[in-house]
Amino acid sequence: MTTVRIINTRAAHQLGPVRKAVESRGGTSIDLPVIRIAGKRPDFLPGPADWLVFTSVNSVAQWRRIRPWQGEKVACVGKKTADAAQAAGYPVTLLPPGTEADAEGLAAVLCREASGSRILYPRSARARPVLVRELAACGCEVEAPVVYDTVTDPSAAGRLEREVQNADAILLYSPSAVQACMELLPDGLPPHLLAGCIGRVTEEAFTSWSTNEYCVPEEPDTETLIELLFEKRSSAT
């Protein structure tokens with residue numbers, strides 16, 4: 001039986017769990033980071049807050065280097081981020097439902113639970129403005145220091161151009177990953193390549209760039225996404 005070959009575009013420090021999930025189904029993970037995380041130290045350290053909000057595993061890792069937990073209530077965008085926060089010593093008290101694990105869903109639950117609170121939101125330089133906007137609209141005071149940026153890794157260009165020709169699918173975990181592929185693949189994706197997008201925001205970025213077939217799980221979960229890719233690959237053969 002032909003092995004399903006999937007390009008794993010996650011940043012280098014996040015390749016392992018995706019590789020394990022692909023290999024557990026008998027596939028081959030082509031580990032090929034197209035982005036890298038550049039940590040940034042904010043110009044100032046915000047004072048005490050009522051809530052500490054994380055929207056990615058990377059924001060947890062970068063904030064942990066800057067300041068330890070100071071007793072804030074902690075909210076996370078989804079289970080993976082919450083697991084990372086718990087492991088880093090931040091006790092998580094609030095999550096949106098799994099099907100609403102994005103900035104909009106997190107803003108909705110915070111506006112119900114934390115209206116009028118002081119909120120600390122360490123974020124990516126590329127974070128969408130929706131969370132800050134929605135929290136401010138419900139009376140929250142938000143400080144949102146930039147603690148990292150996600151940048152394209154130009155060294156991936158040559159290998160990515162080669163691998164997309166023979167791979168079956170490509171995994172995309174963020175709009176930044178989509179942007180990186182746009183920059184690294186001037187001719188776009190070959191028509192046969194199936195894309196797996198982790199969530200709605202990544203899906204929107206992908207469909208604005210490519211007309212290739214893609215799939216997106218109802219909840220942003222690696223195992224479910226890879227299962228969908230294998231199902232689509234099997235139905236096409």
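The basis for the numbers below is simple: all heavy atoms, side chains too, and nothing from hydrogens, waters or symmetry mates.
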Heavy-atom closest pair, residues G39 and Q62: CA-OE1, 3.5 Å
May I have the step-by-step check of side-chain contact (heavy atoms from CB on, under 4.5 Å) for V146 and R123, ending in yes or no? CA-CA 5 Å; V146 172; R123 63 182 176 88; 3.5 Å; yes
side-chain contact (heavy atoms from CB on, under 4.5 Å), that's the test. Do V22 and N8 meet it? Break it down for me. CA-CA 9 Å; V22 171; N8 177 4; over 6 Å; no
Could you state whether V57 and Y173 fall into the same hydrophobic cluster, counting links through intermediate Ile, Leu, Val, Met, Phe, Trp or Tyr residues with side-chain heavy atoms under 4.5 angstrom apart? no
For V60 versus A84, what's the shortest heavy-atom pair and its separation? CG1-O, 3.8 Å
Partner set under side chain to side chain donor-acceptor pair (under 3.5 Å) for S115, not counting sequence neighbours: none
For D50, check salt bridge (Lys or Arg N to Asp or Glu O under 4.0 Å) against everything at least two apart and list the hits. none
Within this structure, what is the CG-CD distance for the pair D187 and E161, rounded to the nearest 0.5 Å? 7.5 Å
Heavy-atom side-chain proximity of V53 to S59 below 4.5 angstrom: no
Shortest non-hydrogen separation from A103 to L131 and the atoms involved: O-CD1, 3.8 Å
Do T224 and E219 have side chains that approach each other closer than 4.5 Å (heavy atoms only, starting at C-beta)? no
Separation of T222 OG1 from K80 NZ (nearest 0.5 Å): 5.5 Å
At what distance, to the nearest 0.5 angstrom, does CZ of F230 lie from CG of D168? 8.5 Å
Quick check: is V147 connected to V132 through a chain of hydrophobic side chains (ILVMFWY, heavy atoms under 4.5 Å apart)? no
Residues passing the side chain to side chain contact (heavy atoms under 4.5 Å, CB included) test with H192, sequence neighbours excluded, are P190
Taking C-beta and beyond as the side chain, do L52 and P122 meet within less than 4.5 Å on heavy atoms? yes
Without placing hydrogens or testing angles, list every side-chain donor-acceptor pair under 3.5 Å for residues 85-95, not counting sequence neighbours.
residue : atom : partner : partner atom : Å
Q86     : OE1  : V92     : N            : 2.9
Y90     : OH   : R67     : O            : 3.2
T93     : OG1  : V74     : O            : 3.2

Check salt bridge (Lys or Arg N to Asp or Glu O under 4.0 Å) between R65 and all other residues, then give those that pass, not counting sequence neighbours. none
For the atom pair CD (Q14) and OG1 (T9), what is the distance rounded to the nearest 0.5 Å? 10.0 Å
I'd like to know if D31 and R19 make a salt bridge, using a cut-off of under 4.0 Å between side-chain N and carboxylate O. yes
Any donor-acceptor pair under 3.5 Å from W69 side chain to E72 backbone: yes
With heavy-atom distances below 4.5 Å as the criterion, would you say the side chains of V4 and L229 are in contact? no
What's the spacing between E218 CD and L228 CG if we round to 0.5 Å? 9.0 Å
With sequence neighbours left out, what residues match E104 under side chain to side chain donor-acceptor pair (under 3.5 Å)? R128
Just list the side-chain donor-acceptor pairs under 3.5 Å for residues 133-141, sequence neighbours left out, or say none.
residue : atom : partner : partner atom : Å
E141    : OE2  : R118    : NH1          : 2.7

Quick one: OG1 on T152 to CD on E183, what's the gap to the nearest 0.5 Å? 3.5 Å
Report yes or no: do Y121 and W63 belong to one cluster of Ile/Leu/Val/Met/Phe/Trp/Tyr joined by side chain heavy-atom distances under 4.5 Å? no
Any residue meeting salt bridge (Lys or Arg N to Asp or Glu O under 4.0 Å) with R5, in chain and number order, not counting sequence neighbours: E163
Under the salt bridge (Lys or Arg N to Asp or Glu O under 4.0 Å) test, which residues partner K20, sequence neighbours left out? none
With a cutoff of under 4.5 Å between side-chain heavy atoms, which Ile, Leu, Val, Met, Phe, Trp and Tyr residues group with L185? I7, I30, L32, V34, I35, L160, V164, I170, L172, V178, M182, L184, L189, L193, F206, W209, Y214, V216
Residue pair P96 / V109: nearest heavy atoms and the distance that separates them: CA-CG1, 4.0 Å
Scanning both residues in full, the closest heavy-atom pair of G26 with T3 reads O-CG2, 3.5 Å
Please write out which residues are connected to L15 in a hydrophobic cluster, directly or through intermediates, given that two of Ile, Leu, Val, Met, Phe, Trp, Tyr count as joined at side-chain heavy-atom separations below 4.5 angstrom. none
Could you list the residues that satisfy side chain to side chain contact (heavy atoms under 4.5 Å, CB included) with S176, not counting sequence neighbours? R126, T150, S174
P145 versus P46, closest heavy-atom pair with distance: CG-CG, 4.1 Å
